[in-house]
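In what follows, every chain begins at residue 1, and chains take the letters A, B, ... in the order their sequences are listed. Keep in mind the model is a prediction, meaning the values are calculated, not measured. What's counted below: heavy atoms across the whole structure, side chains too, no hydrogens, waters or symmetry copies.
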Amino acid sequence: MRMQSFTSRVLAWYVAHGRKELPWQRDREPYAIWVSEIMLQQTQVTTVIPYYQRFMQRFPKLLDLANADLDEVLHHWSGLGYYARARNLHAAAQQVRDGFDGQFPERFEDVQSLPGIGRSTAGAILSFAMNQPHPILDGNVKRVLARHFAVEGWPGQSAVLKRLWELSDALTSETNPAAYNQGMMDLGAMICRRGLPNCAECPLQSSCQAHAEGREKVLPTPKPRKKLPIKSSYLLVLRDQHDAVLLERRPLMGVWGGLWSLPECPMDADPMTWCREKLAYEPLDMMRLPQRRHTFSHYHFEMLPLEIAVNNPSNRVMDEGVRVWYKLSDPDTRGLAAPVARILNEIEISSTGENG
DNA sequence: AAGTCGGGGCG
DNA sequence: CGCCCAGACTT
């Protein structure tokens with residue numbers, strides 16, 4: 001008998017083994033699926049789930065998100081990374097509110113025109129929410145296709161990417177794209193895994209070219225990587241007489257965009273002098289805190305936190321959009337850079353320990 | 001086409 | 001420690 005098609009095998013496998021109980025699969029509301037798809041960009045399912053639940057509890061409807069302050073959106077995103085996703089999500093919600101009468105658009109071109117939504121995410125949202133037949137191409141689908149069809153080359157190369165899109169487009173189910181796309185993602189996550197593919201339980205094994213050639217572990221071709229440079233800075237923890245800490249808001253573009261962080265003193269400067277001249281606070285006492293390393297996609301960040309006691313006059317004027325005194329005992333809803341939150345948390349624990 | 005953008009999980 | 005993960009955007 002003739003072998004079932006690629007597409008029908010994926011569909012059958014999804015019905016039998018795929019994931020159907022994820023929090024954003026309960027209904028097919030476009031807004032919920034949209035939020036989940038943005039969170040899932042470059043982020044694994046198990047990491048996303050608690051963030052998704054807190055986010056949806058605070059912003060249950062699209063208009064709740066559109067009408068919220070960006071600061072609070074970033075607060076609920078803090079720790080997930082790629083904060084441009086949160087800013088784009090917020091801006092896109094406002095575009096839907098103002099340009100689409102608050103209804104999430106149903107035309108592919110309209111969806112892809114929203115900030116933060118590219119071809120793959122637009123296809124995912126419209127296929128999952130409305131069963132529209134659009135292909136997707138996330139990391140899982142790339143891996144399944146690259147292996148099954150033995151596609152050579154790093155998928156970041158335009159020619160390789162074009163070939164993978166052609167395959168995804170040709171294979172996507174016309175009748176049940178939602179189940180097919182979810183099936184491909186689940187196959188990539190559960191069977192056709194990066195490190196140790198479970199070919200024995202794969203519905204596509206009989207036709208998989210990489211498996212036939214014993215190359216499933218070396219495809220897809222990995223990204224050529226360079227050694228990450230190391231950047232070091234002092235992080236100044238200015239602490240006033242009321243146990244408040246001075247925070248600065250980071251520029252929207254760049255690392256930790258829009259989040260609140262500690263003043264960053266260059267390594268070639270003297271922290272006491274820098275504190276006096278750049279921050280205009282007279283340092284009274286200084287203490288080293290444990291050094292930390294944070295790794296970004298493109299460099300290591302060595303943080304040398306210094307706790308500096310200062311006197312904070314009550315009549316001093318400050319621009320609260322750029323700098324705030326953050327009370328350790330009374331944390332609010334600002335988005336803090338994750339390593340900064342950990343540093344402040346340690347200080348707060350040690351200070352509460354001293355007082356009782 | 002290449003670089004930017006976070007944090008976590010895993011071997 | 002290196003590598004990757006439900007990518008999109010800028011230059």
A/Trp77 side-chain N/O to B/dG7 phosphate OP1/OP2 under 4.0 Å: no
May I have the distance from [X] (atom [atom1]) to [N] (atom [atom2]), rounded to whole angstrom?
X	N	atom1	atom2	value
A/Met185	C/dC5	CE	P	13 Å
A/Tyr299	B/dC5	OH	C1'	10 Å
A/His294	B/dC5	NE2	C1'	11 Å

A/Asn140 or A/Lys227, whichever maps to the more 5' nucleotide of DNA chain C: A/Lys227
Comparing A/Gln44 and A/Lys223 on DNA chain B - which has the more 5′ nearest nucleotide: A/Lys223
Shortest side-chain distance from [X], nucleotide among [options]:
X	options	value
A/Val45	B/dG6, B/dG8, C/dA6	C/dA6
A/Tyr82	C/dC5, B/dC5, B/dG7	B/dC5
A/Asp138	C/dC1, C/dC5, C/dG7	C/dG7
A/Gln182	C/dA8, C/dA6, B/dG6	C/dA6
A/Pro222	B/dG6, B/dT4, C/dC4	C/dC4

May I ask you to check whether [X] and [Y] place their ring centers less than 6.0 Å from one another?
X	Y	result
A/Phe104	A/Trp34	yes
A/Phe59	A/Phe55	yes
A/Trp24	A/Tyr52	yes

Test: A/Arg250 cationic atom under 6.0 Å from A/Trp260 six-membered ring centre, within 45° of axis: no
Just call it for [X]: base, sugar-phosphate, or nothing, with non-hydrogen atoms closer than 4.0 Å on any strand.
X	value
A/Ala124	nothing
A/Ile117	sugar-phosphate
A/Ser297	base
A/Arg19	base
A/Gly118	sugar-phosphate

Atom C1', compared across C/dC5 and B/dG6: separation rounded to whole Å: 12 Å
Any N/O donor-acceptor pair, A/Thr43 side-chain to B/dG8 base, under 3.5 Å: no
